[in-house]
Enquirer: 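This structure is in structure tokens; I'll ask about it shortly.
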Amino acid sequence: MIRQFYIKNSNGEMLNLNEIEHFFMDPSGLGTEHKFTFEQVGNYFLQTGNNISQKKIDGKIFIKTYSEYRDFARFCMYNPMTLVYSTDETYNIEVKLQQLEKTEKEVGGLYCRIRLISNGMWYKAIESQNSGTEEGKKYDYEYNYTYTNSAASTIEADIDSLHDAPTKLTIFGPASNPSWEHRVNGLVDTTGKVNVTIPSGKKLVIDTTEIPYSIILSDSSGENPQNVYQYSDFSTKRFIKMKNGRNVVRISHEGSNELRLSLERREMYETI
């Protein structure tokens with residue numbers, strides 16, 4: 001399968017890097033590298049640290065004209081950006097522009113070296129929904145969809161990554177004082193509760209995909225956000241990160257209606 005690259009800036013603009021106007025070529029830095037630290041004990045070296053190195057993705061951008069070069073440079077000023085890499089599967093990585101060289105125009109256009117520096121690891125973005133939420137938000141080049149056949153208040157997911165997966169749990173109103181339990185391979189990992197009323201047409205979002213983590217009540221479109229973290233049950237952990245294996249999230253509330261749910265997760269990978 002032919003590889004494809006796309007890039008989206010923080011202004012919501014998307015560029016196709018597979019077309020002649022902005023063709024990304026000779027990519028490197030798509031793998032992984034570790035930084036180990038050791039302490040010598042006699043003739044033995046004891047490992048004391050293991051950190052993943054920040055990714056630097058290098059390549060060249062072919063741009064046809066000086067005017068298009070300036071437009072591309074402006075596009076990259078809206079940081080952070082998301083680089084989308086698609087082969088047999090689609091992965092994303094948050095990046096910032098570290099270097100963009102400007103060359104003289106050659107036959108056909110400019111061949112400009114570019115370096116993108118990452119904010120973290122590659123991730124595969126998936127959204128799971130229960131049967132009541134098929135009309136939910138759509139994501140260009142961002143989220144694949146899966147649908148569960150389980151009860152209306154339960155979402156299940158199998159995680160093959162060995163790294164914790166940040167999540168965004170969305171509970172659509174009406175709901176009253178929702179609570180949740182997250183189990184990994186049958187064992188309770190996280191519980192949570194927020195003492196709020198979610199009217200019809202609004203939603204509660206418990207988010208660990210961004211730092212700092214947040215608990216936000218907003219309109220169903222995401223407008224008019226209200227921070228309701230202070231209404232949390234602080235005897236619970238509240239914030240969910242999925243882990244390797246079978247993950248089951250069960251949500252209940254003090255009302256009688258079944259809940260509409262959505263759970264976005266970012267399955268993290270060192271290399272793809």
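Numbering starts at 1 and runs along the sequence shown. Worth saying up front: this structure is predicted, and the values here are computed from it rather than measured.
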Enquirer: Does Arg113 CZ have over 12 foreign heavy atoms under 6.0 Å away?
Expert: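 Check fails, neighbour count at 12 or below.
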
Enquirer: Tell me whether Asn227 contacts the main-chain N or O of Ser214 through its side chain, where contact means a donor paired with an acceptor under 3.5 Å.
Expert: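 No.
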
Enquirer: Please tell me if the side chains of Val205 and Ile171 come closer than 4.5 Å, counting only heavy atoms from C-beta onward.
Expert: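 A side-chain contact under 4.5 Å is absent here.
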
Enquirer: Under the side chain to side chain contact (heavy atoms under 4.5 Å, CB included) rule, collect the residues that match up with Pro199, sequence neighbours excluded.
Expert: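 Result, side chain to side chain contact (heavy atoms under 4.5 Å, CB included) vs Pro199: Lys202.
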
Enquirer: State the CG-CE distance between Asn92 and Met81, to the nearest 0.5 angstrom.
Expert: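 Answer rounded to 0.5 Å: 13.5 Å.
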
Enquirer: Let me check something: do Ile159 and Val248 share a hydrophobic cluster, defined by ILVMFWY side-chain heavy atoms less than 4.5 Å apart, either directly or through other members?
Expert: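 No: no chain of side-chain contacts under 4.5 Å links Ile159 to Val248.
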
Enquirer: Keeping the roles fixed (side chain from Asp164, backbone from Lys241), state whether a donor-acceptor pair exists under 3.5 Å.
Expert: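 Flag not set: sc Asp164 to bb Lys241 has no pair under 3.5 Å.
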
Enquirer: Does a side chain donor of either Asn11 or Asn9 reach within less than 3.5 Å of an acceptor in the other side chain?
Expert: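 No, because no side-chain N or O of Asn11 sits under 3.5 Å from a partner of the opposite role on Asn9.
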
Enquirer: Nearest 0.5 angstrom please: Ile198 CD1 to Ser176 OG, how far?
Expert: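 Reported to 0.5 Å precision, the distance equals 8.5 Å.
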
Enquirer: Checking side-chain polar atoms at under 3.5 Å, does Glu264 have a donor or acceptor matched by the opposite partner on Thr167?
Expert: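 Result is no, nothing qualifies.
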
Enquirer: Would you please test Glu94 and Arg266 for salt bridge (Lys or Arg N to Asp or Glu O under 4.0 Å) and show each step?
Expert: CA-CA 12 Å; Glu94 291 186 358; Arg266 293 184 175 184; 3.3 Å; yes

Enquirer: Begin from the C-alpha positions of Tyr123 and Thr82 and carry the test side-chain contact (heavy atoms from CB on, under 4.5 Å) through to its verdict.
Expert: CA-CA 11 Å; Tyr123 64 90; Thr82 300; 4.0 Å; yes

Enquirer: Spell out, as yes or no, whether a donor-acceptor pair under 3.5 Å connects the side chain of Tyr44 to the backbone of Glu39.
Expert: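 No, the answer is negative, given that no donor and acceptor are paired below the 3.5 Å cut-off.
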
Enquirer: Just so I know, are the side chains of Lys124 and Ile272 near enough to count as touching, which here means a heavy-atom distance under 4.5 Å?
Expert: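 No, side chains not in contact.
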
Enquirer: Would you kindly confirm whether Tyr91 and Ile117 end up in one hydrophobic cluster when ILVMFWY residues are joined by side chain heavy atoms under 4.5 Å apart?
Expert: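 Not linked; separate clusters.
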
Enquirer: Donor-acceptor pair, distance only, cut-off 3.5 Å: does the side chain of Ser232 make one with the backbone of Val194?
Expert: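 Such a contact is absent between Ser232 side chain and Val194 backbone.
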
Enquirer: Ser86 and Gln4: side-chain donor and acceptor closer than 3.5 Å?
Expert: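 No, Gln4 and Ser86 have no side-chain donor paired with an acceptor closer than 3.5 Å.
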
Enquirer: May I ask whether Leu263 and Ile215 are part of the same hydrophobic cluster, defined by side-chain heavy atoms of I, L, V, M, F, W, Y residues being less than 4.5 angstrom apart, directly or through others?
Expert: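 Both belong to a single hydrophobic cluster.
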
Enquirer: List the steps and the verdict of side-chain contact (heavy atoms from CB on, under 4.5 Å) for Ile251 and Leu169.
Expert: CA-CA 10 Å; Ile251 300 93; Leu169 173 64; 4.2 Å; yes

Enquirer: For Val196, is there any backbone N or O sitting under 3.5 Å from a side-chain donor or acceptor partner on Asn177?
Expert: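 Yes; judged by distance alone, with no hydrogens or angles, the pair exists.
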
Enquirer: From Glu101 CD over to Ile114 CD1, what is the distance, rounded to the nearest 0.5 angstrom?
Expert: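 Glu101 CD to Ile114 CD1: 10.5 Å, rounded to 0.5 Å.
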
Enquirer: Over 60° means perpendicular and under 30° means parallel, so tell me whether Tyr85 and Trp122 are parallel, tilted or perpendicular.
Expert: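 Tilted.
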
Enquirer: Can you tell me if Lys35 uses its side chain to pair, donor with acceptor, with the backbone of Gln54 under 3.5 Å?
Expert: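 Side chain of Lys35 to backbone of Gln54: no pair is present.
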
Enquirer: In chain order, what residues pass the ring pair (Phe, Tyr, Trp, His ring centres under 6.0 Å) check against Phe75, with sequence neighbours excluded?
Expert: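 Listed in chain order: nothing, the list is empty.
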
Enquirer: Could you list the residues that satisfy salt bridge (Lys or Arg N to Asp or Glu O under 4.0 Å) with Asp58, not counting sequence neighbours?
Expert: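 Asp58 satisfies salt bridge (Lys or Arg N to Asp or Glu O under 4.0 Å) with Arg115 once adjacent residues are dropped.
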
Enquirer: Quick one: CG on Asn224 to CG on Leu217, what's the gap to the nearest 0.5 Å?
Expert: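 That separation rounds to 10.0 Å.
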
Enquirer: Is it true that His163 and Glu267 share a donor-acceptor pair across their side chains at a distance under 3.5 Å?
Expert: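 The criterion, which ignores hydrogens and geometry beyond distance, is not satisfied for His163 and Glu267.
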
Enquirer: Might you point out which heavy atoms bring Met121 and Ile93 nearest each other, and give the distance in Å?
Expert: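 Looking at all heavy atoms of both residues, the shortest contact is O-CG1, 3.7 Å.
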
Enquirer: As a quick check of understanding, evaluate side-chain contact (heavy atoms from CB on, under 4.5 Å) for Val188 and Glu181, giving each step before the final call.
Expert: CA-CA 7 Å; Val188 175; Glu181 177 187 81; 3.7 Å; yes

Enquirer: Where the side chain of His253 meets the backbone of Gly255, is there a donor-acceptor pair that is under 3.5 Å apart?
Expert: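 Here the side-chain-to-backbone pair exists.
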
Enquirer: Quick test of your reading of the model: are Glu13 and Arg74 salt-bridged, counting only N-O distances below 4.0 Å?
Expert: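 Yes, Glu13 and Arg74 are salt-bridged.
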
Enquirer: Looking only at atom types and distance, does a side-chain atom of Asn244 sit under 3.5 Å from a main-chain N or O of Ser161, one as donor and one as acceptor?
Expert: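 Answer holds: yes.
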
Enquirer: Tell me yes or no: between the side chains of Glu68 and His22, is some donor less than 3.5 Å from an acceptor?
Expert: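 Their side chains do not contain a donor-acceptor pair, so the 3.5 Å distance test is not met.
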
Enquirer: Does Arg238 have any salt bridge (Lys or Arg N to Asp or Glu O under 4.0 Å) partners at least two apart in sequence or in another chain, and if so, which?
Expert: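 Testing Arg238 for salt bridge (Lys or Arg N to Asp or Glu O under 4.0 Å), a comparison that skips the adjacent residues, returns none.
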
Enquirer: Taking atom types as modelled, is there a side-chain donor on Thr37 or Thr48 under 3.5 Å from an acceptor on the other?
Expert: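 Thr48 and Thr37 do have a side-chain donor-acceptor pair below 3.5 Å.
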
Enquirer: Quick check on the hydrophobic clustering: are Tyr6 and Leu15 connected, directly or via other members, by side-chain heavy-atom contacts under 4.5 Å?
Expert: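 No, because Tyr6 and Leu15 fall into different hydrophobic clusters, even though each may have its own neighbours under 4.5 Å.
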
Enquirer: Looking just at side-chain N and O atoms, do Ser179 and Ser252 make a donor-acceptor pair shorter than 3.5 Å?
Expert: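 Side chains of Ser179 and Ser252: pair found under 3.5 Å.
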
Enquirer: Treat each ILVMFWY residue as a node, draw an edge where side-chain heavy atoms are under 4.5 Å apart, and state whether Val84 and Ile57 are in one component.
Expert: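 Val84 and Ile57: separate clusters.
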
Enquirer: Quick check: closest heavy atoms across Gly245 and Asn247, and the distance to 0.1 Å?
Expert: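 So the two residues come closest at O-ND2, 3.1 Å.
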
Enquirer: For residues 175-229, pull every pair meeting ring pair (Phe, Tyr, Trp, His ring centres under 6.0 Å), keeping only residues two or more places apart or in separate chains.
Expert: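 Applying ring pair (Phe, Tyr, Trp, His ring centres under 6.0 Å) to every pair that reaches into residues 175-229, excluding sequence neighbours, yields Tyr213-Phe239, Tyr229-Phe234.
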
Enquirer: What heavy-atom pair brings Thr190 and Lys237 nearest, and what distance separates the two atoms?
Expert: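 Reported closest heavy-atom pair: CG2-CB, 3.8 Å.
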
Enquirer: Please report the shortest heavy-atom distance between Gly31 and Thr271, naming the atom on each side.
Expert: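 Scanning both residues, the minimum pair turns out to be CA-OG1, 3.2 Å.
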
Enquirer: For the residue pair Asn257 and Pro174, what are the closest heavy atoms and their distance?
Expert: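 Scanning both residues completely, I find the closest heavy atoms to be ND2-O, 2.9 Å.
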
Enquirer: State, with a plain yes or no, whether a side-chain heavy atom of Arg265 is found less than 4.5 Å away from one of Pro166.
Expert: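 Answer no - side chains too far apart.
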
Enquirer: Are the side chains of Lys60 and Cys112 in touch, meaning some heavy atoms are under 4.5 Å apart?
Expert: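 In short, these two side chains do not touch, never coming nearer than 4.5 Å.
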
Enquirer: My understanding is that only one of Phe62, Phe23, Tyr69 makes a ring-ring contact (aromatic ring centres under 6.0 Å, His included) with Tyr111; could you say which?
Expert: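 In the set Phe62, Phe23, Tyr69, the residue that makes a ring-ring contact (aromatic ring centres under 6.0 Å, His included) with Tyr111 is Phe62.
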
Enquirer: Going through the checks in order, is the side-chain contact (heavy atoms from CB on, under 4.5 Å) test met by Ile216 and Val228?
Expert: CA-CA 6 Å; Ile216 300 294; Val228 293; over 6 Å; no

Enquirer: Distance check, rounded to the nearest 0.5 Å: Lys243 atom NZ versus Leu187 atom CG?
Expert: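 Answer for the NZ-CG pair, Lys243 versus Leu187, is 11.5 Å.
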
Enquirer: More than 12 heavy atoms of other residues, nucleotides or ligands under 6.0 Å from CD of Gln230: yes or no?
Expert: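 Counting neighbours around CD of Gln230, more than 12 heavy atoms of other residues, nucleotides or ligands fall under 6.0 Å, so yes.
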
Enquirer: With heavy-atom distances below 4.5 Å as the criterion, would you say the side chains of Lys203 and Ser218 are in contact?
Expert: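 Side-chain contact under 4.5 Å: yes.
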
Enquirer: Can you check whether Asn79's main-chain N or O pairs, donor with acceptor, with Ser10's side chain at less than 3.5 Å?
Expert: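 Yes, Ser10 side chain to Asn79 backbone: donor-acceptor pair under 3.5 Å.
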
Enquirer: Within this structure, what is the CG-CD1 distance for the pair Leu83 and Ile7, rounded to the nearest 0.5 Å?
Expert: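 The CG atom of Leu83 sits 5.5 Å away from the CD1 atom of Ile7.
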
Enquirer: Can you tell me if Tyr269 and Asp160 form a side-chain donor-acceptor pair at under 3.5 Å?
Expert: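 A donor-acceptor contact under 3.5 Å links the two side chains.
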
Enquirer: State which residues pass salt bridge (Lys or Arg N to Asp or Glu O under 4.0 Å) with Asp219; sequence neighbours excluded, sorted by chain then number.
Expert: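 Asp219 satisfies salt bridge (Lys or Arg N to Asp or Glu O under 4.0 Å) with no residue once adjacent residues are dropped.
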
Enquirer: Is the backbone of Thr236 close enough, under 3.5 Å, to the side chain of Lys193 for a donor and an acceptor to pair up by distance?
Expert: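 Pair absent, no side-chain N/O of Lys193 close to backbone of Thr236.
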
Enquirer: Does a sphere of radius 6.0 Å around NZ in Lys56 hold more than 12 heavy atoms from other residues, nucleotides or ligands, not counting ones at 6.0 Å or beyond?
Expert: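 More than 12 heavy atoms, drawn from other residues, nucleotides or ligands, come within 6.0 Å of this atom.
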
